[in-house]
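Only one structure is covered here, and it is reproduced in the block below.
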Amino acid sequence: MKLSRLTIATFNLYNLNLPGLRIYTGAGWTQEQYERKIAWTAHQLKLLAPDVLGVQELWHADALAAALDASGLADQYDMLVPPDANGTHIVCAALVRKGLLVGAPDWITAFPEGFVLRSKGDDPQTPQIDVNIQGFSRPVLHFTVLPRDKQPAVHVYVCHFKSKAPTQVFKEDWYDKATYGRHAKGLGSALSTIRRTAEAAALRFLLSASMQGNDTPVIVLGDINDGQHSNTANILTEQPRYLVGDSEGGGDLALYTAQTLQEYRDTRDVYYTHVHQDIRESLDHILVSQEFYDNSKKRLWMFDGLVINNDHLNFEDHKGLGTNDHGIIRAAFKYRPVTAKSPA
């Protein structure tokens, strides 16, 4: 392959399952709802046609295959779906343009060995904390692509972290309504936040181990269920400095958000991928390493714009219309490696 332009997208499929099969919120799709959903999803695939697409909330492999077939693009993509995508739970998956994939994909379920979230605190007044979580809510998909021969392969991670919805503590064996009924929402929200934070930290642990001391291009994309400046995003990105003008730099472990890269080019920020109770926020992200950052001394790919399909979020009947409940993001990068400067 010798791509001069690489497009990356992320797409939360909103519980894409075969008709008649249950989803977490109860009864799944009727045949009519399913057909509308497949048609709309196929239209989005054809409209955006990215080189690499990470998807979340896929239940059944056959449903994604149906959408890809309906788009007319099935012969152009490799479909990366875990073998247990049989309609009983949600998974992360991907579509990769043929010829780009290198090796076999893997789904990371367990947190990395040696990962610890335990501390006595920074001062004598701080009580000990010990978070005991062993794995990701939704396994993280990892695969590599090679957009250009004789260049490093790009490592891609597709993730879907715990939502902001309060964990339903009434299902726990310790729950007693008389004691905890008034506290259920607060406790549930705290548990969801702790779980999402742990997932971000565990993925960051994996990323740091693979990125440090080398020039491995990395892309992380998906639904992290948190905003651009959230603690979740800060853990993943390590909060790099964004340079301006002709300043050069970059960070070995840093990840840069496509949202911020676009904001540096726009006169107005209109980025949102989710609407809940009239609050617009960005939950879906594309994060890239310094090899994709314009001002990096180690740049291989230059940012070439971002598209968000989110107009459908203004209409709430996603089941009836066949739409999903997240915006779909596509970021483009053109091959523009940094060349050595001539001495003055």
Salt bridge flag under 4.0 Å for residues D226 and K164: yes
Min side-chain heavy-atom separation V55-L95 under 4.5 Å: no
Hydrophobic cluster membership, L287 vs V52, 4.5 Å side-chain cutoff: no
Contact check, side chains of Y180 and E172, non-hydrogen atoms, under 4.5 Å: no
Donor-acceptor contact present, side-chain K46 to main-chain A70, <3.5 Å: no
Close side-chain approach of N225 to K162, heavy-atom, < 4.5 Å: no
R97 (side chain) donor-acceptor with A49 (main chain) under 3.5 angstrom: yes
Near-ring test F136/W107, centroid separation under 6.0 angstrom: no
Side chains of E35 and I38 in contact at under 4.5 Å (non-hydrogen atoms): no
Closest non-hydrogen atom pair between N15 and E57, with its separation: N-OE1, 3.0 Å
Side chain proximity check, V218 to Y157, heavy atoms < 4.5 angstrom: yes
Mutual orientation of the aromatic rings belonging to F11 and W40 [parallel < 30°, tilted 30-60°, perpendicular > 60°]: perpendicular
Matching residue for Y256 among F303, W301, Y293 - test: ring pair (Phe, Tyr, Trp, His ring centres under 6.0 Å): Y293
Side chains of T10 and Q56, donor plus acceptor under 3.5 Å: yes
Minimal non-hydrogen separation, A331 against F333, with atom names: CB-CE1, 3.9 Å
Test item: C159 and I224 side chains (from C-beta on) under 4.5 Å apart, heavy atoms: yes
Any side-chain donor near an acceptor of the partner, N17 and W29, under 3.5 Å: no
Heavy-atom closest pair, residues T216 and S210: OG1-O, 4.2 Å
Salt bridge present between R36 and E32 (N-O < 4.0 angstrom): yes
Backbone N/O of T30 and side chain of Q33: donor-acceptor pair under 3.5 Å: yes
T232 to R196 - nearest heavy-atom pair and separation: OG1-NE, 3.7 Å
Side-chain heavy atoms of I8 within contact of V156, under 4.5 Å: no
